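Structure record follows, encoded as structure tokens.
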Amino acid sequence: KKTYAVGTPFSKGQKRRGVEHGPKAIRDAGLVERLSNLDYAVHDFGDLTFKHLEKDEHFMHVPFPRTVGRANQLLSGAVSGAVGAGHTCIMLGGDHSLAIGSVEGHAQQCPDLCLIWVDAHADINTPLTSPSGNLHGQSVAFLLKDLQNKMPEVPGFSWMKPFLSARDLVYIGLRDVDPGEHIILKTLGIQYFSMRDIDRMGIQRVMEVTLDHLLARKQRPIHLSFDIDAFDPSLAPATGTPVNGGLTYREGIYVTEEIHNTGLLSVMDVVEVNPTLGATPEAVEATTSLAVDVIASALGQTREG
Ligand SMILES: N[C@](CCCC[B-](O)(O)O)(CCN1CCC(O)CC1)C(=O)O
Ligand SMILES: [Mn+2]
Ligand SMILES: [Mn+2]
């Protein structure tokens with residue numbers, strides 16, 4: 001089983017420049033080299049080429065809907081192909097709107113997949129609830145069957161339909177949830193562990209309950225969608241929407257160690273690394289090196305050798 005890294009230099013799910021340089025920055029932090037001397041080499045598939053569509057008017061207050069939709073359609077095919085060929089896939093972002101295509105492409109091959117969303121944010125706004133209109137804060141709403149009656153037809157997304165059940169999703173790291181998102185989480189009964197839950201329960205118990213919730217009935221492929229802003233901004237400053245009080249290094253690594261140990265990781269997204277937002281070169285390096293560390297940990301690198 002080979003591991004493929006696919007670069008997705010894309011930023012139109014949000015308004016800040018620079019996140020399209022995420023894939024290169026993560027590579028420059030030594031992704032392939034750091035993993036090649038371990039027995040789970042990562043093969044670099046290279047970057048997908050996204051074209052910006054000329055006519056792409058806002059949909060309500062949502063910018064670039066067709067460009068984002070088309071990028072995700074392309075990514076969906078790439079992820080479906082990699083997983084279909086029996087590989088583990090690491091998607092290097094780029095903003096978190098790319099999870100729409102990544103998870104959809106994965107589900108084409110693995111319809112019974114479960115999704116672990118590690119993030120400061122729930123990314124579950126609909127166009128009607130979103131405070132910003134940015135699609136990187138709406139990704140999960142495009143995936144859930146349970147939200148179908150709440151979602152308008154967004155131009156650029158007619159190639160897909162929602163496929164995920166709310167019970168097949170767990171959030172870890174939430175600490176900045178919009179009012180509309182909170183209503184959706186509660187109404188759909190989605191399992192989530194906020195930073196407060198992590199403070200109360202500890203990360204070991206959170207992972208035990210998460211994996212039991214998702215895998216107890218049936219073992220199935222895991223899609224891990226990891227937003228680097230899940231970490232405390234002191235560890236991952238080079239990102240677009242930092243929020244204080246995030247995961248420690250050890251908590252983040254424990255999450256990925258536990259997911260590796262299931263043997264079920266099939267696709268991992270690492271998104272929202274924006275190398276232009278680090279105040280110093282050291283801040284950028286800290287963020288990109290952390291991204292490599294969580295990928296290595298998810299692929300089996302251990303702290304005990
Ligand atoms: N929930 C936000 C942030 C989405 C972040 C996307 B990511 O992929 O990074 O998880 C809005 C968050 N919130 C809006 C009000 C402000 O005062 C604070 C930020 C949104 O724009 O939907
Ligand atoms: Mn996110
Ligand atoms: Mn986030």
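Remember, predicted model here, so these are calculated numbers, not experimental data. Just follow the structure's listing: the first ligand is 1, and inside any ligand the first atom is 1.
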Output the distance between atom CZ (Arg175) and atom CD1 (Ile198), rounded to the nearest 0.5 Å. 9.0 Å
Under a 4.0 angstrom heavy-atom cut-off, which atoms of ligand 1 come close to Asp176? 12 (C), 13 (N), 19 (C)
One finds that the ligand 1 atoms under 4.0 Å from a non-hydrogen atom of Asp178 are 1 (N), 2 (C), 11 (C), 12 (C), 13 (N), 14 (C), 20 (C), 22 (O)
For the Mn ion (ligand 3), does an N/O/S atom of Asp229 lie at less than 2.8 Å? yes
For atom 4 (C) of ligand 1, the closest protein heavy atom turns out to be Gly137 CA, 3.8 Å
Using a distance threshold of 2.8 Å, state whether an N, O or S atom of His121 lies below it from the Mn ion (ligand 3). yes
Would you say ligand 1 has an N or O under 3.5 Å from any N or O of Asn125? yes
Atoms of ligand 1 less than 4.0 Å from Asp123 heavy atoms? 5 (C), 6 (C), 7 (B), 8 (O), 10 (O)
Residue His96 atom name (nearest to the Mn ion (ligand 2); N/O/S): ND1
Can you tell me if Asn134 has a non-hydrogen atom under 4.0 Å from ligand 1? no
Is the side chain of Asn274 donor-acceptor paired with the backbone N or O of Thr239 at a distance under 3.5 Å, no angle test? no
Looking only at atom types and distance, does a side-chain atom of Ser102 sit under 3.5 Å from a main-chain N or O of Leu98, one as donor and one as acceptor? no
Please step through side chain to side chain donor-acceptor pair (under 3.5 Å) for the pair His121 and Asp227, ending with a clear verdict. CA-CA 9 Å; His121 311 93; Asp227 186 328; 4.7 Å; no
Between the Mn ion (ligand 3) and Asp119, is there an N, O or S atom separated by less than 2.8 Å? yes
Ligand 1 atoms in contact with Glu272 (distance to a heavy atom under 4.0 Å): 8 (O), 9 (O)
Do the charged groups of Arg196 and Asp199 touch, with an N to O distance under 4.0 Å? no
With a cut-off of 2.8 Å, does Glu272 put an N/O/S atom close enough to the Mn ion (ligand 2)? no
Can you check whether Pro111's main-chain N or O pairs, donor with acceptor, with Arg220's side chain at less than 3.5 Å? no
Rounded to the nearest 0.5 Å, what separates atom NE2 in His182 from atom OG1 in Thr129? 13.5 Å
Element-labelled atoms of ligand 1 that are located less than 4.0 Å from some non-hydrogen atom of Asp227: 7 (B), 8 (O), 9 (O), 10 (O)
Taking non-hydrogen atoms only, is His136 closer than 4.0 angstrom to ligand 1 via side chain, backbone, both or neither? both
Under 4.0 Å from atom 16 (C) of ligand 1, can you find at least one protein heavy atom? no
Kindly give the atom name of the N, O or S atom of Asp123 closest to the Mn ion (ligand 2). OD2
Tell me which part of Asp229 gets within contact of ligand 1: side chain, backbone, both or neither, using heavy atoms under 4.0 Å. side chain
For atom CZ of Arg70, is the number of surrounding heavy atoms from other residues, nucleotides or ligands below 6.0 Å larger than 12? no
Quick check for you: to the nearest 0.5 Å, what is the distance between Asp269 atom CG and Leu224 atom CG? 7.5 Å
Ligand-residue contact atoms, ligand 1 with Asp119, heavy atoms, under 4.0 Å: 10 (O)
Report the atom name of the nearest N/O/S atom of Asp227 relative to the Mn ion (ligand 2). OD2
Under 4.0 Å to a heavy atom of His96 - the qualifying atoms of ligand 1, by number: 8 (O)
In plain terms, say whether Asp56 and Lys12 are close enough for a salt bridge, that is, a side-chain N and a carboxylate O under 4.0 Å apart. no
Would a search of protein heavy atoms around atom 10 (O) of ligand 1 find one under 4.0 Å away? yes
Rounded to the nearest 0.5 angstrom, the CD1-CD1 distance for Ile124 and Ile190 is 3.5 Å
His136 and side-chain hydrogen bond (donor to acceptor under 3.5 Å, both in side chains): which partner among Lys15, Gln14, Glu272? Glu272
Check this for me: Phe163, atom CZ, are more than 12 non-hydrogen atoms of other residues, nucleotides or ligands nearer than 6.0 Å? yes
